[in-house]
Amino acid sequence: MIQVAVLGYGTVGSGVVEVIEHNNAEVSKNAGEEVHVKYILDLRDFPGDPYEDKVVHDFNLIIKDQEVSVICEVMGGVGAAYQFTKQALEAGKSVCTSNKELVAKHGVELLAIAAEKNCNYMFEASVGGGIPIIRSIQNALTPEKIEAVTGILNGTTNYILSKMEREGADYGEVLKQAQALGYAERNPEADVEGHDACRKIAILASLITGKYVDAEKIYTEGITGITREDFEFARAAGMTIKLLAQARLEEDGSVLAMVAPHMLSKEHSLAMVNDVFNGIFVTGNMLGDAMFYGHGAGKLPTASAVVADVIDCIRNQGRTMQSPWEETGIRLADVAQTRKKFYVRIKASERGRIDEVFPGSSIIEAIDHKEAVGFFTPEMCEQELDEKCALLKESILSTIRVL
Ligand code: HSE
């Protein structure tokens with residue numbers, strides 16, 4: 001019998017207990033041993049909860065219990081979660097987590113401890129919720145040199161952008177509705193400013209390179225500047241706008257990693273990923289393109305991914321499955337020097353200057369807007385775009401990268 005401890009009895013924690021107990025036949029059969037939750041660590045009590053007798057408040061009880069071999073850290077944050085994870089791994093207990101902040105910040109150290117102690121630090125649920133993207137990269141795609149990963153990795157912003165597109169609504173208005181429905185946090189910064197997606201792409205970038213990519217060094221832009229007008233122009237051009245997180249191996253050996261809104265064709269597979277869903281487009285040098293799609297958040301999808309890791313840990317007791325990340329050696333590409341096309345929206349009064357400042361651009365003629373004109377530039381580097389935009393200064397209303 002395998003005894004599991006769950007740290008944090010919030011949304012994901014209660015989901016983990018539910019998956020293990022409700023699907024116990026499947027979980028135990030696939031693990032090859034009977035699996036049960038022995039402890040739930042939380043500061044609170046849960047009177048009336050079916051698992052209230054498992055709730056404890058002292059982590060020492062768990063760490064000292066030889067019967068507990070796998071711990072699910074679903075409490076979040078990088079304080080106590082970090083300390084508990086470290087202690088657990090040092091004690092040879094495997095840890096499975098949904099905590100992307102902790103993986104992105106301390107993954108190198110925690111993976112190294114796991115390797116030293118012949119246990120595992122698993123984080124399938126930290127990226128893409130219930131979508132098995134990490135397992136796929138680490139198992140199914142192992143013959144591949146993964147050249148690029150491009151994903152819609154944040155459900156909150158995808159919900160907001162999908163609704164703006166569908167309803168022609170303003171960002172602020174949709175954000176309020178998303179908050180009322182519980183899709184966006186009261187403080188939405190981590191989602192709308194792109195930080196959540198940034199941590200997730202940092203993890204994927206580290207996985208495809210085997211080297212630690214520091215989330216704090218990744219260029220990150222959120223969706224707060226996207227307007228209803230941008231969607232009007234996108235629609236007229238047969239396109240849509242998505243917050244994309246990208247990690248791409250460059251020819252010079254560097255890695256381009258960034259999070260930013262992009263305009264992309266409505267025909268692109270990622271354009272069809274709507275509402276709170278996530279989608280991850282992976283390009284391998286042999287495989288070509290593959291896309292992963294599903295619930296990127298939510299209690300049970302995320303919990304299911306945590307429990308999949310628990311099962312893997314049980315199947316591989318005494319053996320570390322992942323390679324540690326090298327701490328040095330990654331060179332991030334300078335985003336300012338990367339080349340792409342851009343959508344630019346300027347005041348209609350400056351239409352006559354488009355040819356002079358942005359030669360070779362194509363104006364989006366399908367929309368007759370009184371105040372603004374939108375166009376696509378030819379491919380140029382970001383720095384060049386900034387220099388050109390400086391020439392039109394206050395007339396620039398918006399610029400968005402084109403995928
Ligand atoms: N806030 C995150 C999202 C939750 O909206 O995708 C899952 O990581």
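Atoms within a ligand are numbered from 1 in the order they appear, just like the ligands themselves.
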When rounded to the nearest 0.5 angstrom, what is the spacing between [atom1] in [X] and [atom2] in [Y]?
X    : Y    : atom1 : atom2 : result
N278 : F292 : CG    : CZ    : 13.5 Å
Y343 : I241 : OH    : CD1   : 6.5 Å
R228 : E173 : CZ    : CD    : 7.0 Å
E73  : M122 : CD    : CE    : 14.5 Å

Taking only distance into account, with no hydrogens and no angle test, what donor-acceptor pairs under 3.5 Å do side-chain atoms of residues 38-51 form with protein atoms, sequence neighbours excluded?
residue	atom	partner	partner atom	Å
K38	NZ	D65	OD2	2.8
K38	NZ	E67	OE1	2.6
Y39	OH	D65	OD2	2.5
D42	OD1	R44	N	3.0
D42	OD1	R44	NE	2.8
D42	OD2	Y9	N	2.7
D42	OD2	R44	NH2	3.1
D45	OD1	H57	NE2	2.9
D49	OD1	Y9	OH	2.8
D49	OD1	Y51	N	2.8
D49	OD2	Y9	OH	3.2

For ligand 1, give me the residues whose heavy-atom distance to it is below 4.0 Å, by chain and number please.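 Answer by chain and number: K100, N154, G155, T156, D191, D196, K200, G296, A297.
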For residues L89 and L110, report the shortest heavy-atom separation together with the two atoms involved.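 Between these two residues, the closest heavy atoms are CD1-O, 3.4 Å.
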